[in-house]
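Only a predicted model underlies this, so the values are computations on that prediction, with no experimental measurement involved.
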Amino acid sequence: MSEHNKTGQVMAVIRRQIAARALTPGMKLPSVRLQARLSGVSTSTIVEAYARLAAENVINSRPGAGFFVAGPIAPLDLTHMTAVKERDIDPLWISRQALDAEDGKLKPGCGWLPSDWMYEEGMRRALRKMARAPAATLADYATSANSLPLRQLLVRRMANQDIKTQADQVMLTESGTQAIDLICRFLLQPGDTVLVDDPCYFNFHALLRAHRVNIVSVPYTANGPDVVAFAAVLQAHSPRLYITNSAIHNPTGAVLSPLVAHQVLKMAEEHDVIIVEDDIFADFEHRPAPRLAAFDGLSRVIAIGSFSKTVSAALRCGYIAARAEWVEALIDLKIATSFGGGRLAAEMMLQVLTDSGYRRHLEGLKLRLAQAMKNTHGRLQQLGIRPWLMPPAGLFLWCQLPDNIDAVELARRCLRDDVVLAPGNIFSQSGSASTLMRFNVSQCSDERIYRSLQQALSDQLR
């Protein structure tokens, strides 16, 4: 057994003794020499084990006296000894289910790729480079707008989508979600009204509710928001913001048409509405779709994005592109709420995005998703589950369930088989998607998903 494993084994034994109350708070541990004899390892192994347990605050050292169990005893937790009330399926339900899923639980309802589909090779190369980075990169705060080279790279990437901007119009955030949160803090007051698509990304609902604003919605079509309904909502509710996806819409996979984009921008100008365009799925496109930010020139459109879907969800790095004066105010707000930002994450992301293999990774990923889209579509159709439309790219199928089956009940039934689904109404502000379901095709390869769906559908049709 290696010395490292021996150290871990000694630590595990001591933890078990503490958990079993064989060692209680304040009790002295055997000396290093005695513990080494008892454990059959070297004294250096015990020194390392005690040092690491002390670093974890499991034990503490008293100079000249030895090592003692830290306290106090953890109180008995009765919450796990009673039945847990079943939570309503709301916008945060799917996130909690998917994020907390244990190994073996299947997640066709989650919003991200499997870990082995991500750019692991490039991440490992970037980590090796970062290990040799200057001390300041590893230890200091970022500048207020964060990495200039990364912001310059983002400017060039946005130019490929006909979005003309410059580095002083771009700031980095810790995620796309933080980007929206900062914009809401900057532009909204409690009681303001915000317009979203129906359906839309469910966390928009959760985040906006946290800001205590009124949420109204507009039906989303295969070409973008319903322009007649859009005009009526603007007239009736005077929203301050409109938050949307344009390129690959979540959850429908639809793509905004140029005609609808121009109509939306014209109405937004007439009613003084600011638009937040979430572009998180840009790298999944086969060819660039119309962008509101491109037509508008970042006048009243704020573009946001991140790389959690194609690079790594663990490496938290997003961005905001907007008017330069708005970016200045948003940087002040970011400093006030989170101070320096993630310098290490930004430098890592720059290494990854400029890696020679990233383009090949994306091309392979798009082909893999296209095949998964075809396979998932075929398997779902065998069960009578049909897509609302066939998306040109991306990872989602927005599907109609057969015989008007209730998606929430289907999700609850499949959860008993450790299958996490995403029922339609968590995406719908109006509650009009009760028989719809979003499927992530990259997470739908396991045969158990279809067996669970088939059984659940049969149970509900009885």
Pair listing, salt bridge (charged side-chain N to carboxylate O under 4.0 Å, His left out) test, anchored in residues 423-446, at least two apart | Asp446-Arg448

Between Phe281 and Leu395, is a side chain to side chain contact (heavy atoms under 4.5 Å, CB included) present by the stated rule, with each step listed?
-> CA-CA 9 Å; Phe281 300 109; Leu395 62 160; 3.8 Å; yes

Separation of Ile385 CD1 from Gln454 CD (nearest 0.5 Å) = 10.0 Å

Residues, nucleotides or ligands: over 12 heavy atoms within 6.0 Å of Lys164 NZ | yes

Please answer whether the main-chain N or O of Ala329 pairs with a side-chain N or O of Asp332 as donor and acceptor at a distance below 3.5 Å.
-> no

Which residues satisfy the side-chain contact (heavy atoms from CB on, under 4.5 Å) test with Trp388, sequence neighbours excluded?
-> Thr252, Ala254, Trp398

Salt bridge (charged side-chain N to carboxylate O under 4.0 Å, His left out) pairs, two or more places apart, involving residues 376-394 = Arg379-Glu447

Please test Glu121 against Arg125 for salt bridge (charged side-chain N to carboxylate O under 4.0 Å, His left out), starting from the C-alpha separation and ending with a verdict.
-> CA-CA 6 Å; Glu121 179 186 356; Arg125 280 198 294 268; 2.6 Å; yes

Decide side chain to side chain contact (heavy atoms under 4.5 Å, CB included) for Leu365 and His361; before the verdict, give the C-alpha distance in whole Å, the side-chain angles of both, and the deciding distance to 0.1 Å.
-> CA-CA 6 Å; Leu365 187 57; His361 163 71; 4.0 Å; yes

Do side-chain atoms of Gln429 reach the backbone of Val216 as a donor and acceptor pair under 3.5 angstrom?
-> no

Side chain to side chain donor-acceptor pair (under 3.5 Å) partners of Asp417, counting only residues at least two apart = Arg413, Ser452

Contact list for residues 291-302, test salt bridge (charged side-chain N to carboxylate O under 4.0 Å, His left out), sequence neighbours left out | Asp272-Arg300, Asp279-Arg291, Glu285-Arg291

Would you mind reporting whether Met123 and Met348 have side-chain heavy atoms less than 4.5 Å apart?
-> yes

Sorted by first residue and then second, give each side-chain hydrogen bond (donor to acceptor under 3.5 Å, both in side chains) pair with at least one member in residues 253-264; sequence neighbours left out.
-> none

Applying side chain to side chain donor-acceptor pair (under 3.5 Å) to Glu328 and not counting sequence neighbours gives none

Would you please name every residue forming a side chain to side chain donor-acceptor pair (under 3.5 Å) with Asn425, sequence neighbours left out?
-> none

Ser39 side chain vs Val41 backbone, donor-acceptor pair below 3.5 Å = no

Sequence-distant partners of Tyr201, ring-ring contact (aromatic ring centres under 6.0 Å, His included), two or more places apart | Phe204

Look only at the side chain of Asp226 and the backbone of Val228, and say whether a donor-acceptor pair between them is shorter than 3.5 Å.
-> yes

Contacts of type side chain to side chain donor-acceptor pair (under 3.5 Å), residue Ser175, not counting sequence neighbours = none

Is there a donor-acceptor contact under 3.5 Å from the side chain of Ser428 to the main chain of Ser432?
-> yes

May I ask you to decide if Ser430's main-chain N or O and Asp198's side chain share a donor-acceptor pair within less than 3.5 Å?
-> yes

If only atom types and distance count, is the side chain of Ser338 paired as donor or acceptor with the main-chain N or O of Lys334 below 3.5 Å?
-> yes

Quickly, which of Leu187, Ile275, Leu292 forms a side chain to side chain contact (heavy atoms under 4.5 Å, CB included) with Ile302? Name it, please.
-> Leu187

Work out which heavy atom in Ile331 is nearest to a heavy atom in Ala145; give both atom names and the distance.
-> CD1-CB, 3.7 Å

Reported CG-to-CG distance for the pair Leu150 and Leu172, which is rounded to 0.5 angstrom = 5.0 Å

Residue pair Glu277 / Ala293: nearest heavy atoms and the distance that separates them = OE1-N, 2.9 Å

Between the main-chain N or O of Arg209 and the side-chain N or O of Arg212, is there a donor-acceptor pair closer than 3.5 Å?
-> no

Could you tell me which residues satisfy side-chain contact (heavy atoms from CB on, under 4.5 Å) with Asp283, sequence neighbours excluded, listed by chain and number?
-> Arg157, Phe307, Thr310, Tyr358, Leu362

Return the set of residues passing ring-ring contact (aromatic ring centres under 6.0 Å, His included) with Phe439 (not counting sequence neighbours), or none when no residue passes.
-> none

Student check: side-chain heavy atoms of Cys399 and Leu436 closer than 4.5 Å = no

Would you say the side-chain atoms of Tyr450 pair up with the backbone N or O of Cys444, donor to acceptor, closer than 3.5 Å?
-> yes

Without hydrogens or angle criteria, can the side chains of His211 and Asp181 be said to hold a donor-acceptor pair below 3.5 Å?
-> yes

Short question: side chain of Gln178, backbone of Glu174 - any donor-acceptor pair under 3.5 Å?
-> yes

